Amino acid sequence: MNMMTETTFSHDSDLEEAVIGACMIERAAMPLVADKLRPEMFYEEKNLEIFAALQSMYRSAKSIDTITLKNELAARGKLDAVGGPYELLRISSKVSSSAHLEYHALILRQLHTRRIMRTGFQQLLAFSADESMDIDDILVEAHRLLEGLEDESGVADHLRSIDRLMDDTLAEVEQRMEHGCNGITGIPTGFDALDHVTAGWQRGDLNILAARPSVGKTAFALHLARAAAMAGRHVVVFSLEMQGERLGDRWLLAATEGVDPQHLRSGQLTPGEVRQVHEASAELSRLPILIDDHPMTSMDRVRSSARLLKSKNRCDMVIVDYLQLCDMRSDQKNRNREQEVAQASRKAKLLAKELDIPVLLLSQLNRNCEARPTLKNMLSDLRESGSIEQDADIVMFLDRSADEAEASRDDRPDEGVTRIVVAKNRSGPIG
């Protein structure tokens, strides 16, 4: 049983060959994995020897293909041990490209770490049963094992020295100077005043758009999606509240002038309105926007879809409408609603950082804001979780009051005007 467990769960021969095959056929493959993998991370002995040869060739700046690899293995006296030239051709023929190579390398590294964990914990178990061993010596071995596991899991991979950080920061500053336009260094919002505050949607940022129901969150978010797409960015909209066709209605109304919303809903469009709708539809159809209106969408599903689209260069921004409708089902049965919302908010922030894209997350406000004498919204009004304001880089409220700070409920001269109030901006001004 132990042997079966080891064979089944601690290695993947096909994955090992996929990594090796990619390194054989593509010049860009070895630079991606040379510092992430070591020969001993390969479980199969022949794969270990092949990767050791590949790594040696790469560090010696030798050209890599099946012929040069065959010669390197022959020089090492390992060619017959790995199965000869035929085996090299077989492995290389199984792979068409190096797509997902870094992800495959990560899995191999994790499998290697699991093998070390299994061996190390079994040894610690044996030590703990050996009464002749001093308990302090066992603890030293336990600490040594944990330190080794931290090294193997790549904990230090994300550490950068301050000089490296400064180099990376200056490179980003220069990129902003080169590619920025009128102070916009991110994805345009479509509103000059909002662009002035945010400099556009920035990569890696979680942006929260919050309001009470029927204030216009979805309509505003759709405008932002259209503006980003018109700037040439790929936008993915996850609509948990509305069917896709209802979003289409709103886009059509926003892209036309003088079309009566009731005419569009009732199908009683005038000839002029029909012409406008068809022209707007043709314009919108050319925009790089994808819509997912599955009603039972979790943040894990959003992340999975966004990662897949990002790998195909079809995801530059994600919009989720809205947070409180996300599927919150969890394996941990004892979590309350606030904890589930907090977890979803945290996953949204991790998605932004992992894919290096802006994420716009719509959120409801609780009823506390309606009980105040003034209409000013506060960060504490974010519904069901205080962690939303902590995770967010930018928090925006949609406010229909005449003065977002002081207007009372009896004094609303600008009833039809909606203001965008930036209540939190981690990297810039508010207002």
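Quantities reported herein were computed from a predicted structural model and do not represent experimental measurements.
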What are the two closest non-hydrogen atoms of Leu351 and Ala306, and how far apart are they? CD1-CB, 4.0 Å

Residues 74-82, side-chain donor-acceptor partners within the protein, below 3.5 Å, at least two apart:
{"residue": "Arg76", "atom": "NE", "partner": "Glu72", "partner atom": "OE2", "Å": "3.1"}
{"residue": "Arg76", "atom": "NH2", "partner": "Ser56", "partner atom": "OG", "Å": "3.3"}

Which distance, rounded to the nearest 0.5 Å, do you find between the NE2 of His294 and the CZ of Phe238? 11.5 Å

Could you work out, with side chain to side chain donor-acceptor pair (under 3.5 Å) as the rule, every residue matching Ser239, not counting sequence neighbours? none

Under 3.5 Å: donor-acceptor pair, side chain of Lys349, backbone of Gly204: yes

Do Thr68 and Asn71 get their side chains close enough for a donor-acceptor pair, meaning under 3.5 Å? no

Begin with the C-alpha distance, continue with both residues' side-chain angles, and end with the deciding distance and a verdict on side chain to side chain contact (heavy atoms under 4.5 Å, CB included) for Lys424 and Phe397. CA-CA 10 Å; Lys424 176 184 177 181; Phe397 296 123; over 6 Å; no

Can you check whether Leu88 reaches Leu73 side chain to side chain, under 4.5 Å on heavy atoms? yes

Side chains of Leu247 and Thr218: does their closest heavy-atom pair fall under 4.5 Å? yes

Could you tell me whether Arg246 and Glu241 make a salt bridge, using a distance below 4.0 angstrom between a side-chain N and a carboxylate O? no

Taking the side chain as C-beta and beyond, is there a heavy-atom pair between Leu398 and Ile420 under 4.5 Å? yes

Evaluate the side-chain proximity of Trp201 to Leu194: yes if any heavy-atom separation is below 4.5 Å, no if none is. yes

Distance-only, no hydrogens or angles: does the Asp321 side chain make a donor-acceptor pair with backbone N or O of Ala221 under 3.5 Å? no

Whether Arg115 side chain and Met41 backbone form a donor-acceptor pair below 3.5 Å: yes

Does the side chain of Phe51 reach to within under 4.5 Å of the side chain of Leu108, using non-hydrogen atoms? no

Is the backbone N or O of Leu89 less than 3.5 Å from a side-chain atom of Thr66, with the two atoms forming a donor-acceptor pair by type? no

Only one of Val302, Leu362, Val320, Asp292 forms a side chain to side chain contact (heavy atoms under 4.5 Å, CB included) with Leu240, so which one is it? Val320

Pairwise side-chain contact, Asp12 with Ile107, heavy-atom cut-off 4.5 Å (strictly under): no

Could you go through the side chain to side chain contact (heavy atoms under 4.5 Å, CB included) check for Ile20 and Phe42 one step at a time? CA-CA 10 Å; Ile20 290 172; Phe42 291 78; 3.9 Å; yes

Under 3.5 Å: donor-acceptor pair, side chain of Asp65, backbone of Ile67: yes

Residue pair Leu145 / Phe121, side-chain heavy-atom distance below 4.5 Å: yes

What closest approach, in Å, do Pro288 and Ala229 show between heavy atoms, and which atom pair accounts for it? CD-O, 3.6 Å

What closest approach, in Å, do Leu101 and Ala22 show between heavy atoms, and which atom pair accounts for it? CD1-CB, 4.1 Å

Between Ala280 and Ala255, the two heavy atoms sitting closest are CB-CB, 3.9 Å

Does any part of the side chain of Ile357, heavy atoms only, come nearer than 4.5 Å to the side chain of Cys315, both counted from C-beta? yes

Backbone N/O of Phe191 and side chain of Thr189: donor-acceptor pair under 3.5 Å: yes

Qualifying residue, where the test is salt bridge (charged side-chain N to carboxylate O under 4.0 Å, His left out) with Glu354 and the options are Arg203, Arg303, Lys347: Arg303

Basic-acidic side-chain contact under 4.0 Å: Lys94, Asp14: yes

Within the distance-only criterion (no hydrogens, no angle test), does the side chain of Glu40 pair as donor or acceptor with the backbone N or O of Leu48 below 3.5 angstrom? no

The test is side chain to side chain contact (heavy atoms under 4.5 Å, CB included); show your working for Leu287 and Met230 and say whether it passes. CA-CA 6 Å; Leu287 297 178; Met230 290 178 69; 3.8 Å; yes

What pairs with Arg250 under salt bridge (Lys or Arg N to Asp or Glu O under 4.0 Å), at least two apart in sequence or on another chain? none

Of all heavy-atom pairs between Gln55 and Pro39, which one has the smallest distance, and what is that distance? OE1-CD, 3.4 Å

Between the side chain of Glu44 and the main-chain N/O of Glu17, is any donor-acceptor distance below 3.5 Å? no

Apply the test side chain to side chain contact (heavy atoms under 4.5 Å, CB included) to residues Met24 and Leu69: give CA-CA distance (whole Å), side-chain angles for both, the deciding distance (0.1 Å), then the verdict. CA-CA 8 Å; Met24 286 190 214; Leu69 178 59; 3.8 Å; yes

With a 4.0 Å cut-off, would you call Glu283 and Arg226 a salt bridge? yes

Has Glu16 got a side-chain atom pairing as donor or acceptor with Tyr43's backbone, closer than 3.5 angstrom? yes

Strictly below 4.0 Å, N to O, side chains only: are Arg90 and Glu87 in salt-bridge contact? yes

